Number of protein chains: 2
Amino acid sequence: MKVSTRVEYGLIALTDIAIYSENGKTVSAPDISARESISHKYLEQILLLLRQAGFIAARKGLKGGYALSRPTDKITLTDVLNALDNGILAEMEGEYADDGLGPVINDCFWGKINNELKSYTDSLTLEHFVELCRNRTPESWDMYVI
Amino acid sequence: MKVSTRVEYGLIALTDIAIYSENGKTVSAPDISARESISHKYLEQILLLLRQAGFIAARKGLKGGYALSRPTDKITLTDVLNALDNGILAEMEGEYADDGLGPVINDCFWGKINNELKSYTDSLTLEHFVELCRNRTPESWDMYVI
DNA sequence: TAAATACCCATTGACATAGTAGGTAAGTCG
DNA sequence: CGACTTACCTACTATGTCAATGGGTATTTA
């Protein structure tokens, strides 16, 4: 599935902040930008959205930066997708001929696929991402599958 | 999940053709357009893609139209999505800092979510859609879930 | 020959994405 | 106080996709 860079970068940024903000330290946008090779100004916009969504808190000025405002296990992939993406978790809203085949196909299959997807993204939290990135053992990936 | 109308209409059209093309009869675009309330000219483009993908055969002229060129159980949702959609089943292709967190998150979670999605769309065929639309019994929908 | 149909191509308006750019506000350190 | 660093906010642009619309050509049937 194609996912927007906004979501990708947002997820990377959150994970980066979670990992590098130990002992009350904050993580600055320039730091993230350099570590993860993300355009600084673009990253700022994404961090703004993440702050407005309540995932992170910011402090201005020298030695300023960002820190998580919730524990990692209280930020789900669903939350992040809702904050940064328009399409993935959106519902269908097409209008069809009532006597046509559209409503049947739509209500059933896309609804079901949506539920499956959402139950998957609900089950994944930032904690999983952090853990995954801490010890990058590809063998352990399977444990996060549905 | 937001799905393009191209996919929706294509799926509806295929199902419509499957249902209304019994005894070797063909189904014309104007007919489908009228039954399913889809713009005729837009539908034509979609039918063109479906024909080029090998799902349907066309006959021009009066009494012309379309018919399936494969049995309904040999056309999967994956096939249709590949023919009509760019994003849903596409792989990620972002470039990240090799020493950053991007590759880990990307390879694992989006890869897994992709596999889950694909195994779902692989399991659904036009036959299911046809059956579903023939006897519209919402109670039977559950049988098509993963 | 006339009508119906599929085929093909060009264009358009709306929208989202992926940035880029520049200025403002606030906090830190000398 | 003043330079510096950072977050914050707004605007703009370039590109691409979507969802059609429209026009014209080729083919088949009655």
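Keep in mind that this is a model prediction, so the values were computed, not measured.
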Rounded distance (Å) that lies between atom P of D:dT15 and atom CZ of A:R6: 20 Å
Which of these, A:I19, A:D79, A:L47, A:L68, sits in a side chain to side chain contact (heavy atoms under 4.5 Å, CB included) with A:L14? A:L68
Please assess A:D122 against A:T76 for the test side chain to side chain donor-acceptor pair (under 3.5 Å), listing each intermediate value before the final yes or no. CA-CA 6 Å; A:D122 273 342; A:T76 69; 4.6 Å; no
Give the rounded distance in Å between these two atoms: OH of A:Y66 and C1' of C:dA26. 13 Å
Gap between atoms NZ and P, on B:K63 and C:dA4 respectively (whole Å): 12 Å
Looking only at the side chain of B:P30 (C-beta and beyond, no hydrogens), which of the listed nucleotides C:dT5, D:dC8, D:dC18 gets closest? C:dT5
Is any side-chain N or O of B:N86 closer than 4.0 Å to OP1 or OP2 of D:dC18? yes
Quick note, B:A58 side chain, CB onward, closest among C:dA6, D:dT6, D:dC8 is C:dA6
Under 4.0 angstrom between A:R59 side-chain N/O and C:dG27 OP1 or OP2: no
Same cluster for A:M1 and B:Y120 if Ile/Leu/Val/Met/Phe/Trp/Tyr side chains link at under 4.5 Å? yes
Proximity to the side chain of A:K60 - top-ranked nucleotide from D:dC18, D:dT6, C:dC7: D:dT6
Give the rounded distance in Å between these two atoms: NZ of A:K2 and C1' of C:dA18. 12 Å
Using only side-chain N and O atoms of A:Y9, determine if any of them is under 4.0 Å from OP1 or OP2 of C:dT17. no
Quick check for you: among C:dA18, C:dC8, D:dA20, whose closest atom lies nearest to any side-chain atom of B:S39? D:dA20
Of the listed nucleotides C:dA21, C:dA10, D:dC8, the one nearest the side chain of B:Q45: C:dA10
From C:dC29, D:dC9, D:dT21, pick the nucleotide closest to the side chain of A:E44? D:dC9
A:K41 has its side chain closest, among C:dC8, D:dT17, C:dG22, to C:dG22
CG of A:L84 versus P of C:dA16: gap in Å, rounded? 15 Å
A:Y42 OH to D:dC9 P, straight-line distance once rounded to whole Å: 18 Å
Nearest-nucleotide 5' precedence on DNA chain C, B:L47 against A:S4: B:L47
How many angstroms lie between CD in B:E131 and CG in B:L126, if you round to the nearest 0.5 Å? 11.5 Å
When you measure from the side-chain N and O atoms of A:T5 to the phosphate of C:dA18, is any distance below 4.0 Å, counting only OP1 and OP2? yes
Atom CZ in A:R6, atom CG in A:L49: separation rounded to 0.5 Å? 7.0 Å
Would you say C:dA4 has OP1 or OP2 under 4.0 Å from some side-chain N or O of B:S28? no
So which one's nearest nucleotide on DNA chain D is more toward 5', A:Q52 or A:L62? A:L62
For B:G61 and for A:G87, locate the closest nucleotide of DNA chain C by heavy-atom distance; then report the residue assigned to the nucleotide nearer the 5' terminus. B:G61
Are the charged groups of A:K41 and A:E44 less than 4.0 angstrom apart, N to O? yes
Have a look at A:G65 and say if it touches a base, only the backbone sugar-phosphate, or nothing, with a 4.0 Å heavy-atom cut-off. sugar-phosphate
Distance in angstrom units between A:H40 NE2 and C:dG22 P, rounded: 15 Å
Distance in angstrom units between A:L43 CG and D:dC8 C1', rounded: 13 Å
